[in-house]
Amino acid sequence: RLFQRQARRFPMLERPTEFGAYVLRGHGQLRVYLSGADRVGGKLRGEVRDRVVADVGRGFAPVAHGHNHNFMFDRKPGDRMWTTEESVNDVGGTVAPSLTDVQAWRMMREHFGLQGAWVTNGLDTARYTAEDFDRLSAWP
């Protein structure tokens, strides 16, 4: 549903974009904080993270951080998707986390107890546990 929400805002085939979302549970509620923009490459917004940290302090469990790795067709060096000569044939869409993803998840686990992470391309979704974060590669 999160991917569909972002795709309604920005058609993924014509203009691929990324979103980030935090999913929390507590007090009989499910809270979802969604952050997305008209860009490739997600930025973890501080305002959203601050709300998550506050909710965790009120007893909500940070179940997962989810985001998408979109497919990017018709890439050209220098385009809005930061395409280089080396990456022009990479159409993306993998559900494997990037080095940066894993580093961010580890920091979220330490900072507010993130329990898991999801990466979707709109067709498939990979789910990782906080224990998986240590088995995955990350920036040093």
Side-chain angles (χ1 to χ4, degrees):
R1 295 282 181 207
L2 298 170
F3 183 90
Q4 288 173 333
R5 171 95 167 112
Q6 183 72 359
R8 276 195 302 272
R9 294 175 66 207
F10 307 104
M12 290 296 186
L13 292 179
E14 294 86 27
R15 191 157 181 83
T17 60
E18 293 185 39
F19 70 86
Y22 294 94
V23 179
L24 297 96
R25 279 199 178 133
H27 310 290
Q29 298 177 355
L30 178 68
R31 289 194 176 169
V32 178
Y33 292 97
L34 176 64
S35 179
D38 183 16
R39 60 179 280 174
V40 175
K43 180 180 185 310
L44 300 175
R45 298 187 54 89
E47 300 90 350
V48 176
R49 187 189 60 246
D50 292 346
R51 287 183 178 195
V52 170
V53 170
D55 279 348
V56 169
R58 289 189 282 275
F60 282 82
V63 174
H65 177 267
H67 75 285
N68 68 308
H69 287 170
N70 40 305
F71 291 101
M72 301 173 288
F73 302 107
D74 301 325
R75 298 180 81 190
K76 295 172 185 57
D79 64 14
R80 67 180 282 277
M81 296 179 277
W82 302 296
T83 306
T84 65
E85 289 291 340
E86 295 80 27
S87 67
V88 73
N89 293 321
D90 182 354
V91 297
T94 180
V95 294
S98 70
L99 299 173
T100 302
D101 292 338
V102 176
Q103 183 182 45
W105 296 341
R106 288 177 183 174
M107 288 189 303
M108 287 185 256
R109 180 184 61 189
E110 296 305 312
H111 185 63
F112 57 84
L114 183 68
Q115 297 173 356
W118 308 331
V119 180
T120 188
N121 60 18
L123 301 173
D124 290 310
T125 301
R127 297 171 188 259
Y128 302 95
T129 66
E131 292 78 27
D132 292 333
F133 301 168
D134 293 321
R135 290 188 280 273
L136 297 165
S137 296
W139 293 108

What's the separation between atom [atom1] in [X] and atom [atom2] in [Y], rounded to the nearest 0.5 Å?
| X | Y | atom1 | atom2 | result |
| --- | --- | --- | --- | --- |
| Thr129 | Arg109 | OG1 | CZ | 9.0 Å |
| Met107 | Gln103 | CE | CD | 5.0 Å |
| His69 | Thr120 | NE2 | OG1 | 10.5 Å |
| Arg49 | Glu47 | CZ | CD | 9.0 Å |
| His67 | Phe3 | NE2 | CZ | 12.0 Å |

Would you be so kind as to tabulate the donor-acceptor pairs closer than 3.5 Å made by side chains of residues 53-60, with sequence neighbours excluded?
residue: Asp55; atom: OD1; partner: Arg31; partner atom: NH1; Å: 2.8
residue: Asp55; atom: OD1; partner: Arg58; partner atom: NH2; Å: 2.7
residue: Asp55; atom: OD2; partner: Arg31; partner atom: NH1; Å: 3.1
residue: Asp55; atom: OD2; partner: Tyr33; partner atom: OH; Å: 2.5

Asn70 and Asn121: side chain to side chain contact (heavy atoms under 4.5 Å, CB included), yes or no, with the steps? CA-CA 5 Å; Asn70 40 305; Asn121 60 18; over 6 Å; no

A quick test of your reading: do over 12 heavy atoms of other residues, nucleotides or ligands sit less than 6.0 Å from [atom1] of [X]?
| X | atom1 | result |
| --- | --- | --- |
| Glu85 | CD | no |
| Arg25 | CZ | no |
| Asp74 | CG | no |

Minimum side-chain heavy-atom gap [X]-[Y] below 4.5 Å:
| X | Y | result |
| --- | --- | --- |
| Leu34 | Arg1 | no |
| Leu136 | Pro97 | yes |
| Pro77 | Thr84 | no |
| Glu131 | Arg135 | yes |
| Val91 | Arg75 | no |
| Asn68 | Met12 | yes |
| Phe71 | Leu123 | yes |
| Leu30 | Val23 | yes |

Nearest heavy-atom approach of Ala64 to Leu114 is C-CD1, 3.7 Å

Which atom pair, heavy atoms only, marks the closest approach of Thr125 to Trp118?
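That would be CG2-CB, 4.1 Å.
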
What do the steps show when you test His65 against Asp101 for side-chain hydrogen bond (donor to acceptor under 3.5 Å, both in side chains), and what is the final call? CA-CA 10 Å; His65 177 267; Asp101 292 338; over 6 Å; no

>> So does Lys76 get a backbone contact from the side chain of Asp79, meaning a donor-acceptor N/O pair under 3.5 Å?
In response: yes

Worksheet entry | ring pair (Phe, Tyr, Trp, His ring centres under 6.0 Å) between Trp105 and Tyr128, worked out | CA-CA 10 Å; Trp105 296 341; Tyr128 302 95; 5.6 Å; yes

**Message:** Would you say Ser87 and Asp90 are linked by a side-chain donor-acceptor pair, where the criterion is simply a distance under 3.5 Å?
**Reply:** no

Besides Trp139, the hydrophobic cluster formed by Ile, Leu, Val, Met, Phe, Trp and Tyr side chains linked at under 4.5 Å, directly or via other members, contains Leu99

- Could you walk me through whether Arg9 and Phe19 pass the side chain to side chain contact (heavy atoms under 4.5 Å, CB included) test, one step at a time? CA-CA 11 Å; Arg9 294 175 66 207; Phe19 70 86; over 6 Å; no

Exercise for review: May I have the step-by-step check of side-chain hydrogen bond (donor to acceptor under 3.5 Å, both in side chains) for Thr17 and Gln6, ending in yes or no?
Suggested key: CA-CA 8 Å; Thr17 60; Gln6 183 72 359; 3.0 Å; yes

Checklist entry - Do Leu24 and Phe112 belong to the same hydrophobic cluster, where Ile, Leu, Val, Met, Phe, Trp and Tyr are linked whenever their side-chain heavy atoms lie under 4.5 Å apart, directly or via other members? => result yes

